[in-house]
Each structure stands twice: as C-alpha cells, then as structure tokens.
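Notes follow once the structure below has been shown.
Throughout, protein chains are lettered first and strands after them, A, B, ... in sequence-line order, and every chain is numbered starting at 1.
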Amino acid sequence: MAGWDIDVIMSNGNSVTAESIKLNIGNVDIESTLDGGQAFRWWHEVDGSYRGVIGRRALNIREISGGVAVTAVDGKPNAGIEHATNEYLGGAENLEKFRQLYASDPCLGPALRGYSGLRLLRQDPWECLFSFITSSTSNIPRIKLNVGAAAESFGYSIGPRPPDVTFPEPEVIIEAGENHLRELGFGFRAKYLVAAASAIASGAIKLHDLKEASYDDARAELVQLHGVGEKIADCVLAFSLDKPESFIVDRHILRALRKWYKLPVKASLSYAADWARGHFGEYSALANQYMFHRERLASRAAEWGGVHIEKALPEDGI
DNA sequence: GTCCAGGCCGCAC
DNA sequence: GTGCGGCCTGGA
C-alpha cells in the first residue's frame with residue numbers, strides 16, 4: 001500500500017529532505033475535502049498541497065494519481081502517519097456506492113462528476129465540536145481565523161510554523177476562560193465554548209463514547225450543550241462521530257432542497273432535515289456535503305459573475 | 001455607514 | 001410549534 005519517495009521541504013529558507021508516504025486510497029479532492037467547510041485548520045500551500053495537523057502530527061498532503069501523498073513536516077519519523085491519515089480521510093466504500101446510486105440525480109450527479117473525490121472527514125470530536133460552535137452566524141474565513149487563533153494561543157507546538165500546533169484540550173480552554181476567547185474574537189460564542197469544555201472535562205459528556213451510540217441518542221446528548229442546536233450537532237455527528245445518516249441544513253442546503261427536490265418553500269429547517277434523512281438514509285452526510293459544496297460554489301459564482309458553476313459542471317445546464 | 005455570515009437562546013403568542 | 005429580537009465581529 002504505502003510507497004516511498006523523496007521530497008524537499010523548504011522551511012525558513014532551509015531545505016530538508018523528508019520521505020513522503022503514498023496512500024493509494026482512491027481519488028481525493030483535497031481542496032473541497034480539507035478546505036470546504038468541514039475542517040478549519042488546513043492551509044493552502046503555493047504548490048497546491050495542504051498543510052495541517054492530524055492528531056499530534058503536522059503534515060503536508062498533496063494529490064497524486066489514485067490517492068494522496070503525505071509528508072511529515074515536523075522532522076519526526078513517519079510511524080503512524082499512514083494509519084492516522086487513512087482514518088482522517090475516511091473510507092471510500094460508501095463513496096463508491098453513493099456514486100453509483102446518485103449518478104443520475106439532478107443535483108448530486110453533476111456534483112459527483114464536478115468534485116469527484118470530495119470526502120467525509122473523520123475528525124477529532126472535540127476540535128470538531130469547538131469549530132462548529134464557533135461557526136454559529138459566522139463564515140468560513142472567520143471560523144478559520146478564530147479556530148486558528150485559539151489553536152496558536154493555547155495549543156502545543158509540534159512543528160516549525162505557528163499553525164503547527166495540537167488542538168488545545170478542553171482543560172486548557174477552561175483555564176483560558178471566556179474573556180480570553182472574546183479577546184481572540186469569538187464574541188458571544190466564547191461562553192458556549194467554555195461551557196462545552198467544562199461538560200467534557202467533567203465527564204458529563206463523553207464525546208468518544210457517542211461514536212458507539214445511535215444517531216438519535218448521540219444527537220440528544222449534543223444538543224443539551226448550551227450553544228449547540230440541531231444544526232451544529234449534525235455537523236459534529238457527520239464529521240467526527242461516524243454518523244453518515246446525519247444531514248445538516250443551513251440556508252444553502254434549504255435552497256438546494258427546494259430547487260432540486262421540490263421541498264415546500266415553507267418547509268422549516270427541522271422538517272427539511274427529517275425529510276432528507278428519510279430520503280438519503282445512510283448516504284445523508286455524503287449527499288449533504290456534495291449538495292453544500294455545489295450550492296456554495298453556485299452562490300459564490302453568482303457574486304463573482306456566475307461563471308464558476310458552468311465551468312465546473314459543464315453538463316448541468318444551469 | 002449597511003449588510004451578512006454553514007445558529008442558538010429566550011421569550012412571546 | 002412557530003416567530004421574532006438579540007447576540008459579537010470581520011469583510012464586502
């Protein structure tokens with residue numbers, strides 16, 4: 001599975017040789033997967049690769065034919081990187097079935113052809129929860145700014161650059177406190193984050209145990225947290241707690257469901273989520289991510305002059 | 001200056 | 001159960 005080759009990393013002007021590991025895990029669209037609204041600590045490099053952190057390792061990931069190449073940028077041995085990256089990028093079995101089932105779906109078919117390789121991540125649950133509490137009434141650039149600031153302020157350095165840090169444990173966030181988080185720009189979300197950290201540190205909520213729990217039970221646990229509603233809970237369930245049946249509804253998705261699946265204009269967010277879970281079943285989270293990506297690019301294309309979607313999805317005829 | 005962003009809470013009705 | 005105002009703040 002894993003092959004070897006030699007890369008040259010330019011860091012602080014010095015050249016360092018490091019071995020990269022090739023993972024033949026199938027096509028991965030790293031831009032839409034790592035930097036499309038699931039995770040917020042991946043940074044685009046000038047060569048098109050992405051740099052970020054998985055667990056306690058600072059890594060660089062780039063696309064290669066049939067998979068990705070991963071390089072440690074922390075000067076440590078490669079042990080464990082292959083396994084961790086495989087975990088993080090999720091399995092592809094579901095994706096293959098999903099592709100076959102929805103190839104001719106009017107909304108998802110074009111998206112599957114346009115962004116084939118968009119995957120569901122399997123992130124660390126605490127960082128994921130923290131990130132999506134932060135996402136409330138915010139936008140992706142600002143979420144990246146906030147989450148990155150918290151990581152760099154309170155995380156443990158594991159590499160040469162400032163963003164090469166582990167994500168701070170709940171105990172560290174509690175110690176930092178609401179006011180410090182407000183100073184970093186989290187606004188009204190600061191108190192939610194400290195409360196969530198307390199619930200986890202005290203053991204009132206055991207995030208990792210929710211992986212084994214049913215979707216309904218895990219969701220019910222999460223929404224008890226102050227500042228976590230159905231939407232944020234579904235993000236955490238889909239991106240970190242192995243719940244492929246979760247479906248996230250925001251304004252982009254609601255618009256898509258009305259446009260492509262004839263959902264009533266008056267359908268509430270909660271109704272829409274229930275309908276979509278019934279319709280897509282175990283492929284809900286995947287369908288949701290492709291739909292979100294497509295709709296988000298479409299709205300951005302409109303802002304930029306409306307060319308992006310036609311370029312990405314030629315056969316779609318919007 | 002205004003408006004909006006991958007929401008949620010508290011409170012009416 | 002549905003609707004509405006308020007909440008922080010950076011960027012367009």
I'd like to know if the side chain of A:Asn146 pairs up with that of A:Thr134 as donor and acceptor (distance under 3.5 Å, no hydrogens or angles considered).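 Checked: A:Asn146/A:Thr134 side chains show no N/O donor-acceptor pair below 3.5 Å.
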I'd like to know if the side chain of A:Tyr290 pairs up with that of A:Asp105 as donor and acceptor (distance under 3.5 Å, no hydrogens or angles considered).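 Side chains of A:Tyr290 and A:Asp105: no pair found under 3.5 Å.
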With the side chain of A:Asp250 defined as its heavy atoms from C-beta on, choose the nearest nucleotide among B:dC9, C:dC8, B:dG7.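 Output: B:dG7.
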With a non-hydrogen cut-off below 4.0 angstrom, is [X] in contact with a base, only sugar-phosphate, or nothing?
{"X": "A:Ile248", "result": "base"}
{"X": "A:Gly227", "result": "sugar-phosphate"}
{"X": "A:Leu225", "result": "sugar-phosphate"}

Which value, in whole Å, describes the distance between the P atoms of nucleotides C:dG6 and B:dG6? 23 Å
What's the gap between C:dC8 and B:dC11 when it is taken at their P atoms, as a whole Å value?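 It comes out at 16 Å once rounded to the nearest Å.
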Under 4.0 Å from OP1 or OP2 of B:dA5: is there any side-chain N or O of A:Arg251 that close?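 For B:dA5, OP1 or OP2 has a side-chain N or O of A:Arg251 closer than 4.0 Å.
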Establish whether the base of C:dC8 is bridged to the side chain of A:Arg189 by a donor-acceptor pair shorter than 3.5 Å. yes
Give the residues of residues 278-293 of chain A touching DNA chain B, defined as any heavy atom closer than 4.0 Å, sorted by residue number.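 DNA chain B contact set from residues 278-293 of chain A: A:Asn288, A:Gln289, A:Phe292.
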Going through the checks in order, is the ring pair (Phe, Tyr, Trp, His ring centres under 6.0 Å) test met by A:Tyr192 and A:Phe130? CA-CA 9 Å; A:Tyr192 298 152; A:Phe130 186 100; over 10 Å; no
Read 5' to 3' with Watson-Crick or G-U pairs under 3.5 Å, [ ] for crossing pairs and | for partners on another strand, DNA chain B gives .||||.|||||||
Measure all distances between protein nitrogen or oxygen atoms and nitrogen or oxygen atoms of nucleotides 10-12 of chain C, and list the pairs falling under 3.5 Å.
none

